[in-house]
Amino acid sequence: MSQYYQQIWAQIAAIPAGRVTSYGRIAERAGLPRRARLVAQALRNAPPEMQLPWFRVLRADGSIAPASTHAGHDEQIARLTAEGVLVKNARVDLERFGWSLSLDELLWSPEH
DNA sequence: CGTGTGACTGACC
DNA sequence: AGGTCAGCCACAC
């Protein structure tokens with residue numbers, strides 16, 4: 001298995017409940033810029049017993065990645081909703097629920 | 001070793 | 001708002 005998976009999985013596992021992020025951001029945090037597709041691959045190949053919060057990973061625009069025909073699609077929406085993330089039209093507002101782009105951090109950060 | 005394939009992205013149109 | 005396109009890169013053939 002790829003040596004990259006470990007660091008990708010670690011970053012996914014680190015997403016706080018109630019927050020979401022994108023494939024691209026996970027890749028960046030894992031030290032693998034521009035390799036969003038590798039994140040998707042790592043996610044697909046993740047051992048189920050690892051119980052990663054895969055549902056907190058969305059596309060860059062906040063939409064649900066798996067096709068609506070895919071089994072995981074509905075489950076992803078359900079699990080996000082269950083932890084307080086508002087999903088409308090298979091889409092999440094990243095300004096509100098995005099990890100490290102939250103309204104809180106923007107307001108409280110000394111830099112901004 | 002060449003090719004096709006994505007649970008992707010940003011830029012364009 | 002939605003579609004196309006060219007990059008992208010590890011992986012399966």
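Just so it is clear, the values below take in all heavy atoms, side chains as well, and ignore hydrogens, waters and symmetry mates.
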### Task
Take nucleotides 3-8 of chain B nucleotide by nucleotide from the 5' end and write B, S or -, depending on whether a protein heavy atom sits under 4.0 Å from the base, only from the sugar-phosphate, or from neither.
---BBB

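Comparing A:Arg34 and A:Asn45 against DNA chain C, the residue whose closest nucleotide sits nearer the 5' end is A:Arg34. Between A:Pro33 and A:Arg91, the residue anchored nearer the 5' end of DNA chain C, judged by the nucleotide with its closest heavy atom, is A:Arg91.
Comparing B:dG6 with C:dC8, their C1' atoms are spaced 11 Å from each other, to the whole Å. Comparing the P positions of C:dG7 and B:dA7 gives a spacing of 22 Å, expressed to the nearest Å.
Two residues are said to be in side-chain contact when any heavy atoms from C-beta on lie closer than 4.5 Å; A:Pro53 and A:Ile12 meet this criterion. Counting only heavy atoms from C-beta outward, the side chains of A:Leu52 and A:Trp9 approach each other to under 4.5 Å. With a 4.5 Å cut-off on side-chain heavy atoms, A:Leu58 and A:Thr21 do not count as touching.
Applying the side chain to side chain donor-acceptor pair (under 3.5 Å) test to pairs two or more places apart or on separate chains, those with a residue in residues 67-78 of chain A are A:Glu75-A:Arg79. Sorted by first and then second residue, the salt bridge (Lys or Arg N to Asp or Glu O under 4.0 Å) pairs involving residues 5-14 of chain A (not counting sequence neighbours) form an empty list.
Relative to the ring axis of A:Tyr23, A:Arg59 does not place its NZ or CZ within 45° and under 6.0 Å from the centre.
Summarising the geometry, the separation between CG on A:Leu32 and C1' on B:dT9 is reported as 16 Å, rounded to the nearest angstrom. In this structure, A:Ile26 atom CD1 and C:dC9 atom P are separated by 18 Å, rounded to whole Å. Distance A:Asn89 CG to C:dA1 P: 11 Å, rounded to the nearest Å.
Every residue meeting the side chain to side chain donor-acceptor pair (under 3.5 Å) condition with A:Arg56, not counting sequence neighbours, appears here in chain and number order: A:Glu83. Looking at residues two or more places apart in sequence or on another chain, you find a salt bridge (Lys or Arg N to Asp or Glu O under 4.0 Å) between A:Arg91 and A:Asp61.
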### Message
Show me the dot-bracket string of DNA chain B, counting Watson-Crick or G-U pairs under 3.5 Å, with | for pairs to another strand and [ ] for crossing ones.
### Response
.|||||.||||||

